[in-house]
Protein chains: 2
Amino acid sequence: MTLVDDPIHSERTRDALTAAHLYYMQDLTMDAIAQELHTSRSSISRLLSHARASGLVDIQIRSPLDAPSLLEKEIQNRFQVSAHVVPVPDGASDVDRLERVGLSVARILGQYFDSNMTMGIAWGSTMSAISRYVTPKQTHNSQIVQLNGAGNMRTTGIAYASEILRRFGDAYGAHVQQFPVPAFFDDPATKQALWRERSVSRLLEIQGRMDVALFGLGSPFSEVPSHVYAGGYLEPADYDSLSRSGVVGDVATVFFRADGQADGIPLNDRSSGPEFSVLRRTPRRICVVSGSSKVKSLRGALAAELITDLYLDEGTARGLLSAD
Amino acid sequence: MTLVDDPIHSERTRDALTAAHLYYMQDLTMDAIAQELHTSRSSISRLLSHARASGLVDIQIRSPLDAPSLLEKEIQNRFQVSAHVVPVPDGASDVDRLERVGLSVARILGQYFDSNMTMGIAWGSTMSAISRYVTPKQTHNSQIVQLNGAGNMRTTGIAYASEILRRFGDAYGAHVQQFPVPAFFDDPATKQALWRERSVSRLLEIQGRMDVALFGLGSPFSEVPSHVYAGGYLEPADYDSLSRSGVVGDVATVFFRADGQADGIPLNDRSSGPEFSVLRRTPRRICVVSGSSKVKSLRGALAAELITDLYLDEGTARGLLSAD
DNA sequence: GCACTCCTTGCACGTTTGTTCATTTGGAAT
DNA sequence: ATTCCAAATGAACAAACGTGCAAGGAGTGC
């Protein structure tokens with residue numbers, strides 16, 4: 001739970017490091033390592049698990065640049081984003097897909113984040129899944145900033161959102177910047193007022209300077225509604241309004257139409273999420289999508305140029321490319 | 001043997017990539033992967049081995065900056081080099097040590113070498129060991145350049161040295177620049193003349209601009225003489241000369257004394273290796289040492305400031321730090 | 001000092017993985 | 001078409017590995 005290793009842990013870390021060397025660099029068996037370190041093989045097994053889980057051992061997969069799958073190449077060509085298809089068995093359930101994609105992204109995320117960087121984080125079921133698996137990586141002077149508020153009529157949302165944030169913060173040893181506001185204001189004027197508060201504008205400035213943004217997609221009118229659409233954030237009147245405006249999805253509770261436009265959608269004036277112009281200023285914008293019901297939403301987000309790096313499961317990738 | 005993947009291999013590579021994803025990112029068992037890919041588990045096992053061996057899967061060990069061992073910290077403080085101690089069982093034989101250190105260095109070497117870079121390579125038993133294990137990494141427009149000639153009275157040395165070079169070149173997809181000259185000239189004047197040849201001076205220029213140099217250490221008057229001292233490169237008279245000059249070791253067949261000085265050692269005028277000034281101009285200079293008999297030589301090389309990154313086994317590290 | 005909890009250890013078991021071997025497959029040469 | 005060879009495959013076995021469990025220790029509170 002501490003951000004740096006206790007002195008108590010450092011011996012364990014030292015051991016884990018040697019064990020990892022012997023195992024992964026010199027291909028010794030755990031048995032042999034156990035003898036060298038004068039302990040049992042089981043302990044070494046556990047030590048190595050620890051080394052992997054704590055990011056001491058870092059396993060990466062580097063596709064030679066000419067090897068991306070057809071799907072990935074095609075998406076890259078058509079939408080100018082760097083696409084990464086997560087292989088998922090055809091028969092997998094939607095939750096299964098989400099977990100798998102979340103796990104994969106969690107393992108890879110460290111490549112995008114380093115010392116002295118700021119990462120913006122949304123919330124939602126996708127983000128929650130990722131957060132549950134993030135592999136630690138030691139960074140300095142870095143921060144995680146919440147992109148949009150999570151409060152609603154029933155709760156402040158702080159517990160939920162901050163749990164997600166905390167997991168990222170812990171894993172990277174980063175400072176966490178919470179955004180304790182409702183997801184949607186009742187009155188746009190309140191938002192305007194609050195946005196002028198120094199405490200809030202400080203946060204907005206941090207958002208404006210972030211190096212990486214990580215978010216999932218919302219998809220309002222699909223069979224499996226996303227967190228925002230089921231969690232008591234919106235009222236029936238809001239739904240009607242979204243429907244009338246032709247909204248196909250959202251990123252961090254900012255809505256957009258099929259062509260990627262976000263103008264003239266009344267709800268956006270009350271949303272706590274970052275304007276797309278802010279997002280587009282961010283160098284890396286990683287979008288994670290799982291479940292083909294989000295294809296329409298994804299098309300919109302791509303049209304809006306919100307995405308630089310896209311992670312999706314195989315089915316969704318196919319859905320994205322298929323006509324219609 | 002080809003530098004780029006045949007189209008024929010690319011399907012295999014594609015499969016290896018998916019398998020690696022499923023195995024290392026999603027923690028599936030090989031059995032599960034076999035079912036998804038409609039093949040036997042054995043094939044997946046082989047596929048994953050291939051993925052590791054061919055550098056598709058890259059396993060790194062990243063010590064948190066506060067975790068280097070006492071030995072490493074101490075070496076860093078005393079000699080201003082980044083030290084990496086390779087753990088080796090106390091009872092290990094000298095060959096065993098060499099293999100282990102070689103394997104470890106081979107696995108991490110990729111971290112130092114990338115596209116558009118030039119790496120200078122020496123030869124000798126240490127380099128040979130490393131070369132036998134280098135893990136592939138795809139690079140573009142990079143080259144490997146031989147640091148010193150390998151010819152002697154009996155052979156041109158080309159077969160031996162070029163085998164080492166070739167292994168590095170193959171692994172990195174790099175262009176190999178051979179240096180087909182004797183290790184030592186009989187007559188300094190011949191060297192001078194040859195050095196003015198355009199074919200040779202072209203190579204010397206490449207050496208002068210290299211980004212990384214990788215070398216072992218020679219150690220003349222120790223129980224276990226290095227390759228240079230046993231391979232018929234030197235005559236008895238040369239030994240006497242070295243002894244009289246107070247030589248303690250060599251880097252790429254350039255000799256130095258305990259204080260790191262290389263001046264006034266007659267043999268150096270006839271050596272094909274790079275002057276130390278050339279070496280010192282190279283940003284990264286990786287030295288690999290195994291076996292405590294090389295401690296004296298190592299002290300000299302450190303005094304000469306030939307090293308920026310040092311890899312050695314535990315025993316040698318201890319020997320280096322112990323007084324005397 | 002005693003009881004309590006929490007964490008670590010090594011054993012034993014079942015699972016997962018590497019490897020050998022006999023067999024098949026897909027080409028190339030004849 | 002036939003033969004040949006090399007590479008790839010899956011079954012079967014042996015080795016290596018992960019994990020539940022009970023025992024042992026270290027620390028804490030009473």
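Throughout, a chain's letter reflects where its sequence line sits, starting with A, and its residues are numbered from 1.
- In this structure, the side chain of A:Q26 engages the main chain of B:P87 through a donor-acceptor pair within 3.5 Å.
- Residue B:Y23 has a polar side-chain atom (N or O) positioned under 4.0 Å from OP1 or OP2 of C:dT17.
- For the residue pair A:S128 and A:S125, no side-chain donor N or O sits within less than 3.5 Å of a side-chain acceptor on the partner.
- Listed in residue order, the members of residues 25-36 of chain A having a heavy atom less than 4.0 Å from DNA chain D are A:T29, A:M30.
- Contact check of residues 50-58 of chain B against DNA chain C (heavy atom, cut-off under 4.0 Å) returns B:R52.
- B:K137 has a carboxylate O that lies under 4.0 Å from a charged side-chain N of B:D114, or vice versa, which qualifies the two as a salt bridge.
- Taking 4.0 Å as the cut-off between side-chain N and carboxylate O, B:E36 and A:R100 count as a salt-bridged pair.
- In this model, no donor atom of one side chain and acceptor atom of the other lie less than 3.5 Å apart for A:R52 and B:Y24.
- If you measure from atom CZ of B:R12 to atom P of D:dA7, you get 12 Å, rounded to the nearest angstrom.
- Proximity of A:F168 to A:V176: side-chain heavy atoms (C-beta onward) are nowhere separated by under 4.5 Å.
- When atom types are taken as modelled, the side chain of A:T39 and the backbone of A:Q35 share no donor-acceptor pair closer than 3.5 angstrom.
- Taking the C1' atoms of five terminal pairs at each end of the helix from C:dG1-D:dC30 to C:dT30-D:dA1, the two resulting helix axes are inclined by 30°, rounded to 10°.
- Between the CG atom of B:L22 and the C1' atom of C:dT17 there is a distance of 17 Å, given to the nearest Å.
- No hydrogens or angles considered: nothing links the side chains of A:Y172 and A:Q138 as a donor-acceptor pair under 3.5 Å.
- Here the C1' atom of nucleotide D:dT9 and the NE2 atom of B:H38 are 16 Å apart, to the nearest Å.
- When atom types are taken as modelled, the side chain of A:S115 and the backbone of A:H140 share a donor-acceptor pair closer than 3.5 angstrom.
- With hydrogens and angles ignored, the 3.5 Å screen pairs no side-chain donor or acceptor of B:S45 with any backbone N or O of B:R41.
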Short heteroatom pairs, N/O only, protein and nucleotides 19-21 of chain C, under 3.5 Å:
unit_1	atom_1	unit_2	atom_2	d
C:dT20	O4	B:R46	NH1	3.4

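- Salt-bridge annotation for A:K294 and A:D94: absent, with no side-chain N of the basic residue lying under 4.0 Å from a carboxylate O of the acidic one.
- Side-chain atoms of B:Q177 do not come within 3.5 Å of backbone N or O of B:Q146 as any donor-acceptor pair.
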Show me the donor-acceptor pairs, under 3.5 Å and distance only, between side chains in residues 310-319 of chain A and residues at least two apart or in other chains.
unit_1	atom_1	unit_2	atom_2	d
A:Y311	OH	A:Y112	OH	2.7
A:D313	OD1	A:G291	N	3.0
A:D313	OD1	A:T316	OG1	2.5
A:D313	OD2	A:R97	NH1	3.0
A:D313	OD2	A:G315	N	3.3
A:D313	OD2	A:T316	N	3.4
A:D313	OD2	A:T316	OG1	3.4
A:E314	OE2	A:R318	NH2	3.0
A:T316	OG1	A:G291	N	3.1

Polar-atom pairs under 3.5 Å, protein N or O versus N or O of nucleotides 22-24 of chain C: list them with distances, or write none.
none

**Request:** Any chance you could lay out the salt bridge (charged side-chain N to carboxylate O under 4.0 Å, His left out) test for A:D58 and A:R107, step after step, and finish with the verdict?
**Result:** CA-CA 9 Å; A:D58 180 27; A:R107 297 265 168 101; over 6 Å; no
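- In this structure a side-chain-to-backbone donor-acceptor pair under 3.5 Å is present from B:S93 to B:D96.
- Here B:S43 reaches the OP1 or OP2 of D:dG10: one of its side-chain N or O atoms lies under 4.0 Å away.
- In this structure, B:I44 atom CD1 and D:dA8 atom P are separated by 14 Å, rounded to whole Å.
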**Message:** With side chain to side chain donor-acceptor pair (under 3.5 Å) as the criterion, how do B:S43 and B:S40 come out once you've worked through the C-alpha distance, each side chain's angles and the decisive distance to 0.1 Å?
**Reply:** CA-CA 5 Å; B:S43 300; B:S40 75; 3.2 Å; yes
